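First up is the structure itself, then whatever we jot down about it.
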Amino acid sequence: MLENKFKSEFALKASEAFKTVYADKYKEIGDEQVFNSSFILDNIEKPKDSTKGRFAFPVFRHGKLLGDNPPSIASKITEAINSSDKNLISVSSIAGFINIQTDFNVEAAETISDVIKNDSNYGSSDIGNGKKILVEYSSPNIAKPFGVGHIRTTILGNSLRRIFLKLGYDTIGINYLGDWGTQFGKMIVAYKKWADPTLIDKETVSDLLALYVRFHEEAEENKSLEDEARDEFKKLESGDSENNALWEKFRKISIDEFSRVYDIMGIEFDWITGEAFLNDKMESTIDAFEKANLVSESDGATIVDLQDEQLPPVLLKKADGATLYLTRDLSGYLYRADKYKFDEMLYVVAVNQSVHFQQMFKALTMLEDAQSVPDDKRISTKGKHVDFGMIKFGDKMMSTRKGHIIFLEDVIKEAAKLAKEKIEEKTPDLENIDEIALQIGLGAIFYSQMSVRRQKDVNFRWEEVLSFEGETGPYLQYTHARLSSLMRNYKGTIDADIDFSLLDCPEEKRIVELVTDFKQAIADAARVYEPNMIANHLIELAAAFNKFYQRKDTEGRIDKIISDNTELTKARIVLVKAVQVVIKEGLYLLGIKAPEAM
RNA sequence: GCCCUCGUAGCUCAGUAGGAUAGAGCAUCGGUUUCCUAAACCGAGUGCCACAGGUUCGAUUCCUGUCGAGGGUACCA
């Protein structure tokens with residue numbers, strides 16, 4: 001890897017320099033810490049201000065060890081390194097920091113040819129080869145509409161799936177539908193009581209929602225409805241044919257609707273399953289906990305007690321014998337572990353379910369403790385709740401039960417409509433206006449979810465989600481369209497074998513650095529399950545490019561990329577191509593399309 | 001009560017393996033287009049990084065406590 005070339009050269013040279021400059025101390029202490037090149041390598045960092053240097057190495061902690069003050073150490077080491085044979089780096093020192101400047105031509109040549117050669121595969125890696133990761137996301141509930149409340153899990157999960165695929169993981173995106181549970185008892189009660197006979201077999205998700213909302217309204221007055229719902233669910237679970245037919249009906253209506261919306265959004269899954277899939281797998285799960293002696297009975301319910309862990313008990317079965325969400329999730333975990341032998345199982349689920357996952361992972365740990373499973377065979381350590389904050393609306397939580405819901409599709413339609421108006425104003429000759437408008441509308445919506453780190457609560461604000469200016473999805477898309485336009489206007493050939501020393505203005509250097517660092521942004525995003533890091537990086541790159549694009553010369557004229565200077569143009573256009581590739585691929589990782597014109 | 005997360009500019013947020021004078025966008029004001037896409041670019045101002053301690057050469061970042069906001073806390077998911 002390119003970065004390492006510079007870093008390891010520094011580490012080796014610095015190690016030598018320390019040994020020479022502080023020879024006495026080296027004899028005394030030996031080859032550790034300061035004198036050890038791999039220690040130095042590990043402690044190389046990046047200056048916040050990129051003009052200081054490509055990398056930096058602080059020497060504060062060496063003060064005591066070497067009996068010298070940090071600024072002095074830094075300057076002595078700097079001098080020693082600079083007096084050695086020059087290769088790819090040079091250094092300078094300020095106040096205890098050694099700043100490392102790299103050979104721009106070497107970096108540019110490697111990075112740019114890497115991008116040109118690999119195109120959309122630039123930034124791919126094999127660090128995930130041989131590893132399997134499952135990502136569960138979206139997971140809407142059947143018989144409820146797709147509201148903006150589902151937007152974060154859907155967009156985040158879709159992005160994580162793509163990121164892990166890019167890093168070489170065998171990745172399986174799972175949509176785990178909420179197609180079972182007491183809510184179906186409610187739906188069945190509501191349907192039997194109030195379904196509009198003229199709509200039979202023509203119901204839409206909205207009709208189902210109306211029934212669901214009505215159930216909760218009436219249940220406020222009439223508490224016995226909740227009991228009726230539990231009874232109907234119990235009947236469903238024990239195979240009642242009428243209820244089962246209703247369940248099938250609700251399920252089909254919903255899945256058809258979801259697929260349509262996923263299709264519009266470009267959301268992909270590898271496996272669409274649901275809670276009901278686990279119905280015949282729960283007995284064995286409960287058995288396993290019983291055999292491990294972890295099960296007890298409390299108030300008629302079958303539980304795994306977690307009092308020692310300061311957690312509420314796991315309810316495997318309710319007092320009426322019906323199962324719960326957690327029972328099914330446990331079964332699902334065991335089933336997936338057995339079927340896929342995963343290395344990681346990610347649950348992209350809102351933070352308000354964190355106790356649920358703590359209970360689940362704890363119960364699994366206790367099960368494996370009881371079974372004396374050796375550490376290297378454990379699966380309970382492989383689950384991870386990738387949590388994210390809640391979406392509020394006007395500072396209030398949204399509630400499906402009360403019908404306080406904004407349909408995701410309405411948001412998409414509104415965004416696309418505004419994008420279309422903007423296109424008609426700016427580029428009325430554009431082909432496929434509706435298609436591009438949808439891409440831009442979705443870009444705005446997706447980015448609005450990606451620009452904030454996942455653990456923050458967010459307020460849903462129309463004006464924010466529908467913004468096309470500043471740090472937004474459309475800004476990135478616009479930059480991509482600009483880049484694409486340049487590529488169309490350039491008539492020559494693209495050849496990465498050019499003289500990179502021609503790219504000598506600071507803006508161009510900055511762009512090359514950001515293109516190089518795209519790889520790191522992907523790796524960081526994967527490490528903390530945070531696509532936000534890719535989004536931030538793309539904004540920086542796009543901003544750097546736009547600045548370069550509109551750079552003016554000393555006479556105040558735009559310094560154009562395509563000019564009469566053919567050699568310079570060749571060099572710059574290769575840079576343009578590289579930025580285009582990175583922005584397009586970065587957007588892809590976020591789930592956003594990159595139109596060539598807009 | 002207890003547990004978890006969050007608290008950075010007027011607003012929305014970056015700052016995620018502790019580092020050098022804390023950065024963007026929006027909003028406000030001013031400027032840039034004989035047009036390589038102005039959905040852009042340039043310039044202007046604002047911060048007791050909630051508060052108080054601690055660890056460290058160094059803390060917005062780690063630890064403890066306080067305050068504030070949100071969420072959760074056995075038969076919903």
Side-chain angles (χ1 to χ4, degrees), chain A residues 45 47-49 52 56 58 60-64 69-70 94-97 99 139 141 178 180-183 186 226 229-230 275 298-303 305-306 310-315 317-320 322 324-326 328-329 349-356 358-359 387 389-390 392 395 397 401 419 422-423 425-427 440 451-453 455-459 461 463-464 467-472 474-475 477-479 481-486 488-490 524-525 527-528 530 532-533 535-536 539-540 542-543 546-552 556 558 560-563 569 576 597-598:
Chain A
E45 54 191 51
K48 264 192 182 154
D49 175 1
K52 288 203 167 63
F60 300 98
R61 68 175 76 178
H62 306 133
K64 270 182 198 157
N69 65 73
I94 318 173
F97 285 94
N99 289 321
S139 307
N141 290 322
W180 204 250
T182 316
Q183 53 179 331
K186 295 177 183 176
E226 299 275 358
R230 272 189 282 275
E275 297 182 49
S298 174
D299 296 337
T302 307
I303 67 160
D305 186 60
L306 297 179
Q310 306 221 294
L311 285 169
V314 172
L315 269 85
K317 278 185 183 172
K318 300 196 281 189
D320 65 5
L324 286 117
Y325 176 51
L326 185 46
R328 290 186 286 277
D329 249 355
V349 178
V351 66
N352 62 354
Q353 290 192 41
S354 62
V355 171
H356 167 84
Q358 285 173 43
Q359 289 175 287
D387 59 341
M390 308 301 287
K392 295 177 287 183
D395 282 322
M397 305 306 292
R401 293 184 180 191
K422 190 110 187 181
I423 294 171
E425 172 198 329
K426 302 273 181 185
T427 43
I440 293 166
S451 60
V452 179
R453 47 188 304 183
Q455 292 188 316
K456 289 217 182 197
D457 288 346
V458 294
N459 255 307
R461 287 199 186 80
E463 66 272 25
E464 200 173 289
S467 164
F468 297 161
E469 280 160 32
E471 292 176 352
T472 63
Y475 174 79
Q477 291 171 312
Y478 176 76
T479 306
R482 235 182 195 175
L483 289 155
S484 304
S485 174
L486 279 169
R488 282 192 297 272
N489 289 334
Y490 176 69
D524 286 343
R527 178 170 55 82
V528 292
E530 193 73 272
N532 161 264
M533 302 190 79
N536 288 343
I539 289 285
E540 266 192 78
N546 281 319
K547 186 175 178 142
F548 166 55
Y549 182 84
Q550 288 179 138
R551 200 174 79 104
K552 290 178 177 165
I558 295 279
K560 288 192 175 180
I561 289 169
I562 299 173
S563 68
T569 300
V576 167
M598 64 187 265

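A, B, ... follow the sequence lines: proteins, then strands. Residue 1 opens every chain. None of the values given here were measured: they were computed from a predicted structure.
In this structure, the aromatic ring of Y490(A) is not positioned over the six-membered ring of the base of C36(B) within 5.5 Å between centres and 30° between planes. By the criterion of a centre-to-centre distance under 5.5 Å and near-parallel planes under 30°, the ring of F97(A) forms a stack with the base of A20(B).
When both pairing distances are held under 3.5 Å, A17(B) makes no Watson-Crick or G-U pair with any nucleotide shown. Summarising the base pairing, U56(B) is matched to no nucleotide, lacking a Watson-Crick or G-U wobble pair whose two defining distances lie under 3.5 Å. G7(B) is paired with C67(B) under the Watson-Crick or G-U wobble criterion, all donor-acceptor distances under 3.5 Å. Using the Watson-Crick or G-U wobble rule with both distances under 3.5 Å, G45(B) pairs with nothing in any strand shown. Base pairing analysis places C35(B) opposite nothing; no Watson-Crick or G-U wobble pair with both distances below 3.5 Å involves it.
If you check every strand for non-hydrogen atoms under 4.0 Å, Q353(A) touches a base. N99(A) comes within contact range of at least one nucleobase, with a heavy-atom separation under 4.0 Å. Note on N532(A): a base of the nucleic acid sits closer than 4.0 angstrom, heavy atoms only. Counting non-hydrogen atoms under 4.0 angstrom, G63(A) reaches nothing in the nucleic acid. Looking at heavy-atom distances under 4.0 Å, P70(A) makes no contact with the nucleic acid at all. If you check every strand for non-hydrogen atoms under 4.0 Å, K64(A) touches sugar and phosphate atoms only. Among the atoms of the strands shown, none is found under 4.0 Å from any heavy atom of Q358(A). Here A301(A) lies in heavy-atom contact (under 4.0 Å) with a base. Residue S354(A) is out of contact with every strand shown, counting any heavy-atom pair closer than 4.0 Å. Nucleic acid contact for K552(A): sugar-phosphate only, since backbone atoms but no base atoms lie under 4.0 Å from a heavy atom of the residue. Residue contacts shown for Q310(A) are absent, as no nucleic acid heavy atom lies under 4.0 Å away. Among the atoms of the strands shown, none is found under 4.0 Å from any heavy atom of S563(A). Counting any heavy atom pair closer than 4.0 Å across all strands shown, A350(A) reaches no nucleic acid atom. At the heavy-atom level, I539(A) lies nowhere under 4.0 Å from the strands shown.
Scanning all heavy atoms of the two residues, the minimum distance from I440(A) to P474(A) falls at CG2-CG, 3.8 Å. Residues A350(A) and M390(A) share a closest heavy-atom pair of CB-SD, 4.0 Å. The two atoms that bring T479(A) and A542(A) nearest to each other are OG1-CB, 3.8 Å, heavy atoms only. Nearest heavy atom pair, residue F97(A) against residue P58(A), reads CE2-CB, 3.8 Å. What you find for R453(A) and N532(A) is that their closest heavy atoms are N-ND2, 3.8 Å. Residue T472(A) comes nearest to E469(A) through the heavy atom pair CG2-O, 3.0 Å, listed as atom of the first residue, atom of the second, then distance.
The side-chain heavy atoms of L486(A) and I562(A), taken from C-beta on, include a pair separated by under 4.5 Å. Between K547(A) and R551(A), every side-chain heavy-atom pair lies at or beyond the 4.5 Å cut-off.
The side chain of K456(A) lies closest to A14(B) when the candidates are C57(B), A14(B), U5(B). Checking C36(B), G72(B), U16(B) against the side-chain heavy atoms of Y549(A) singles out C36(B) as nearest. Closest to the side chain of T182(A), from the set C36(B), U21(B), A77(B), is A77(B). Counting only heavy atoms from C-beta on, Q550(A) has its side chain closest to A40(B) among U12(B), C76(B), A40(B). In the set A14(B), C36(B), C57(B), the nucleotide with an atom closest to the side chain of I562(A) is C36(B). You'll find that the side chain of I558(A) is closest to C36(B), out of C36(B), U60(B), U12(B). Distance from the side chain of K547(A) is smallest for C41(B) among the nucleotides C36(B), C41(B), G19(B). Nearest to the side chain of Q455(A), among A77(B), U5(B), U60(B), sits U5(B). Nearest nucleotide to the side chain of R230(A), out of A20(B), A38(B), C76(B): C76(B). The side chain of R527(A) approaches A17(B) more closely than any other nucleotide in the set A17(B), A14(B), A40(B).
Remark: R328(A) is in phosphate contact with A77(B), judged by side-chain N or O atoms under 4.0 Å from OP1 or OP2. OP1 or OP2 of C41(B) sits under 4.0 Å from a side-chain N or O of Y475(A). The side chain of N352(A) contributes no N or O atom lying less than 4.0 Å from OP1 or OP2 of C4(B). The side chain of R453(A) contributes no N or O atom lying less than 4.0 Å from OP1 or OP2 of C6(B).
Atoms CG (N546(A)) and P (U33(B)) sit 18 Å apart, rounded to a whole Å. Going from atom CG of D457(A) over to atom P of C13(B) covers 9 Å, rounded to whole Å. Rounding to whole angstrom units, NZ of residue K317(A) and C1' of C76(B) are separated by 19 Å. The distance from atom CG of L306(A) to atom C1' of C2(B) is 16 Å, rounded to the nearest whole Å. The interatomic distance linking N489(A) (CG) with C35(B) (P) rounds to 13 Å, in whole Å.
Comparing U66(B) with C4(B), their P atoms sit 13 Å apart, to the nearest whole Å. Annotation: U61(B) and G18(B) have their P atoms spaced 12 Å apart (nearest Å). Spacing of C1' atoms, A38(B) relative to C51(B), comes out at 45 Å, to the nearest Å. Separation of the P atoms belonging to U5(B) and C62(B) is 11 Å when rounded to the nearest angstrom. When the C1' atom is compared between A22(B) and A14(B), the two are found 11 Å apart, to the nearest whole Å. Straight-line distance between the P atoms of A59(B) and G53(B): roughly 13 Å, to the nearest whole Å. Taking atom P on both U60(B) and A52(B), the two are 12 Å apart, rounded to the nearest angstrom. Rounded to whole Å, the C1' atom of C36(B) lies 15 Å from the corresponding atom of C41(B).
No more than 12 heavy atoms of other residues, nucleotides or ligands lie within 6.0 Å of CD in Q310(A), so this atom counts as exposed by the packing criterion.
Side-chain atoms of K48(A) come within donor-acceptor range of the base of U60(B), with a qualifying N/O pair under 3.5 Å. Between the side chain of S298(A) and the base of A74(B), at least one donor-acceptor pair of N or O atoms lies under 3.5 Å.
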